[in-house]
There are 2 protein chains.
Amino acid sequence: MARMIAERSDVVPVLAEIFRAYGFEGASLARITEGTKLGKGSLYHFFPGGKEEMAAAVLGEIDDWFRAHVFDPLRSGNDAAKSIAAMFDEVRRYFLAGRKVCLVGVFALGCERDRFAAQVDGYFAAWADSLHEALVRTGRADAVAKELAEEILAVIQGALVLARARNEPEIFVRALDRMERRLAL
Amino acid sequence: MARMIAERSDVVPVLAEIFRAYGFEGASLARITEGTKLGKGSLYHFFPGGKEEMAAAVLGEIDDWFRAHVFDPLRSGNDAAKSIAAMFDEVRRYFLAGRKVCLVGVFALGCERDRFAAQVDGYFAAWADSLHEALVRTGRADAVAKELAEEILAVIQGALVLARARNEPEIFVRALDRMERRLAL
DNA sequence: GTCTATAAAGCGATAGAC
DNA sequence: GTCTATCGCTTTATAGAC
């Protein structure tokens, strides 16, 4: 069998799943080499900074994805209500309807928070701000929109926690549906 | 200085803070001996099962605390609305107004979930059920009360995630206040 | 009940051949 | 770019003296 030549960009999504499943501390190099099917040599070739650089790359890719699929559309869509509905759809799909957990949330709760403070804070800040903007464009007062954006993010994160804790992904779907219905009023 | 003689019950709260701060994997025995000021000999005397038994003991104590201060009052109080208001007060205080994170939530998101599945699920199940009961006693329909209980738990957990992620405990306080106001309507 | 010493395994990271 | 071998350190856990 021909030898596989990997690219850094191929590896990052695999790393994401491993960090998501085991957390930063739990994602040992043994698990990473197993999951990526890459030797330590290759891994350190792509990520000279080791595990920390791997995690940073994953956070960066998550940020890119959300920027492209969630944050930017929220800001630039000309129909704000439609952009918000689209956000809920993207989020539902991204988290596999509650079967996938939020890596940024995992890092936020653990002691990884301190190490990746800027990226963790930046992710939620960008989300809150872009959602806030969109809510204002639906005609809501600035203060109301700000609180609402905060609440929507909290419900999403909390529902992911509950869905995983109770092993019942439907909790996440129900929470999103409820929130969309509340916004429609 | 006289030698300190510890009791298992004195150690558990200290362990709780360490697990909360570092997660299960991150809570090394080195950190635990440092935090508890107990040698490994003493620790393994109290917890022959090692770290796993320590974490189980912490989860057990958290469950006991919530049962006594939150779940039971929710079920037995004769003024349901008052019991729910009391729950919000206890929760606000317990999580130090957003400066303290939920250990069960931390375990739920990490790979610790699988190891402690029963205790993690039991904690949220007991909370959801007792809150559901109390909401029914305020006159709400069963289905409405169930969804509302789920939403309240999600907001609490999500707000804790956001508060820690953004390093802004006020997010948690605002979320609780908002939810209480919504319930009052 | 507490301690120190120690075992055995796993960890992240590096070196160097190919 | 990939691999294997290896270093040095930390990990959990145990043994045995006090």
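To find a chain, count down the sequence lines: A is the first, B the second, and so on, and within it residues start at 1.
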>> Starting the side chain at C-beta, find the nucleotide from D:dT11, C:dC11, C:dT2 nearest to B:A30.
In response: D:dT11
>> Filter on ring pair (Phe, Tyr, Trp, His ring centres under 6.0 Å), then keep only pairs touching residues 12-34 of chain A, sequence neighbours left out; what's left?
In response: A:F19-A:F24, A:F24-A:F116
> Rounded to the Å, how far apart are A:K51 NZ and C:dG10 C1'?
Replying inline: 12 Å
Under 3.5 Å, side-chain donor or acceptor atoms of residues 174-185 of chain A against the rest of the protein: list the pairs with distances, not counting sequence neighbours.
residue, atom, partner, partner atom, Å
A:R174, NE, B:E150, OE2, 2.9
A:R174, NH2, A:E168, OE2, 3.2
A:R174, NH2, B:E150, OE1, 2.9
A:R174, NH2, B:E150, OE2, 3.3
A:D177, OD1, A:R92, NH1, 2.7
A:R178, NE, B:E151, OE1, 2.8
A:R178, NH1, B:E147, OE1, 3.2
A:E180, OE2, A:R92, NH2, 2.6
A:R182, NH1, A:E151, OE2, 3.3
A:R182, NH1, B:E151, OE2, 3.2
A:R182, NH2, A:E151, OE2, 3.4

>> Going by the rule side-chain contact (heavy atoms from CB on, under 4.5 Å), which residues pair with B:V101 if we only count those two or more places apart in sequence or in a different chain?
In response: A:L109, B:R20, B:V106, B:R164
> Could you give the CG-to-P distance, from A:L38 to D:dT4, as a whole number of Å?
Replying inline: 11 Å
> Got a sec? Which of residues 43-50 of chain A come in under 4.0 Å of DNA chain C, heavy atoms?
Replying inline: A:Y44, A:G50
> In chain order, what residues pass the side-chain contact (heavy atoms from CB on, under 4.5 Å) check against B:H132, with sequence neighbours excluded?
Replying inline: B:V136, B:D142, B:A145, B:K146, B:A149
> So which pairs with a foot in residues 140-160 of chain B pass ring pair (Phe, Tyr, Trp, His ring centres under 6.0 Å), sequence neighbours left out?
Replying inline: none
>> I want to confirm an ordering. Mapping A:A27 and B:G39 to their closest nucleotides on DNA chain C, which one lands closer to the 5' end?
In response: B:G39
> Looking at D:dT2, C:dT2, D:dT6, which one has an atom nearest to any side-chain atom of A:K40?
Replying inline: D:dT6
>> Considering every strand and a 4.0 Å limit on heavy-atom distances, what is the contact class for A:S28: base, sugar-phosphate, or nothing?
In response: sugar-phosphate
> Between B:I32 (CD1) and D:dT10 (C1'), how many Å, whole number?
Replying inline: 14 Å
> So which pairs with a foot in residues 27-56 of chain B pass salt bridge (charged side-chain N to carboxylate O under 4.0 Å, His left out), sequence neighbours left out?
Replying inline: B:R8-B:E53, B:E52-B:R115
> Can you check the B:L29 CG to D:dT11 P distance for me, whole Å?
Replying inline: 8 Å
>> I need the full list of ring pair (Phe, Tyr, Trp, His ring centres under 6.0 Å) pairs touching residues 27-60 of chain B, with sequence neighbours left out, sorted by first then second residue.
In response: none
>> Between A:Q119 (side chain only) and A:A56 (backbone N and O only), is there a donor and an acceptor less than 3.5 Å apart?
In response: yes
> Heavy-atom contacts under 4.0 Å between residues 16-25 of chain B and DNA chain C, which residues?
Replying inline: none
> For B:D72, what residues pass the side-chain contact (heavy atoms from CB on, under 4.5 Å) criterion, not counting sequence neighbours?
Replying inline: B:R67
> When you measure from every atom of DNA chain C, which of residues 7-15 of chain B have a heavy atom less than 4.0 Å away?
Replying inline: none
>> Considering only residues two or more places apart or on different chains, which pairs with a residue in residues 126-135 of chain A satisfy salt bridge (charged side-chain N to carboxylate O under 4.0 Å, His left out)?
In response: A:R75-A:E133
>> Quick check on DNA chain C: between B:K37 and A:G41, whose nearest nucleotide comes earlier from the 5' end?
In response: B:K37
> Can you find a pair of side-chain heavy atoms, one from A:L59 and one from A:Y123, that are under 4.5 Å apart?
Replying inline: no
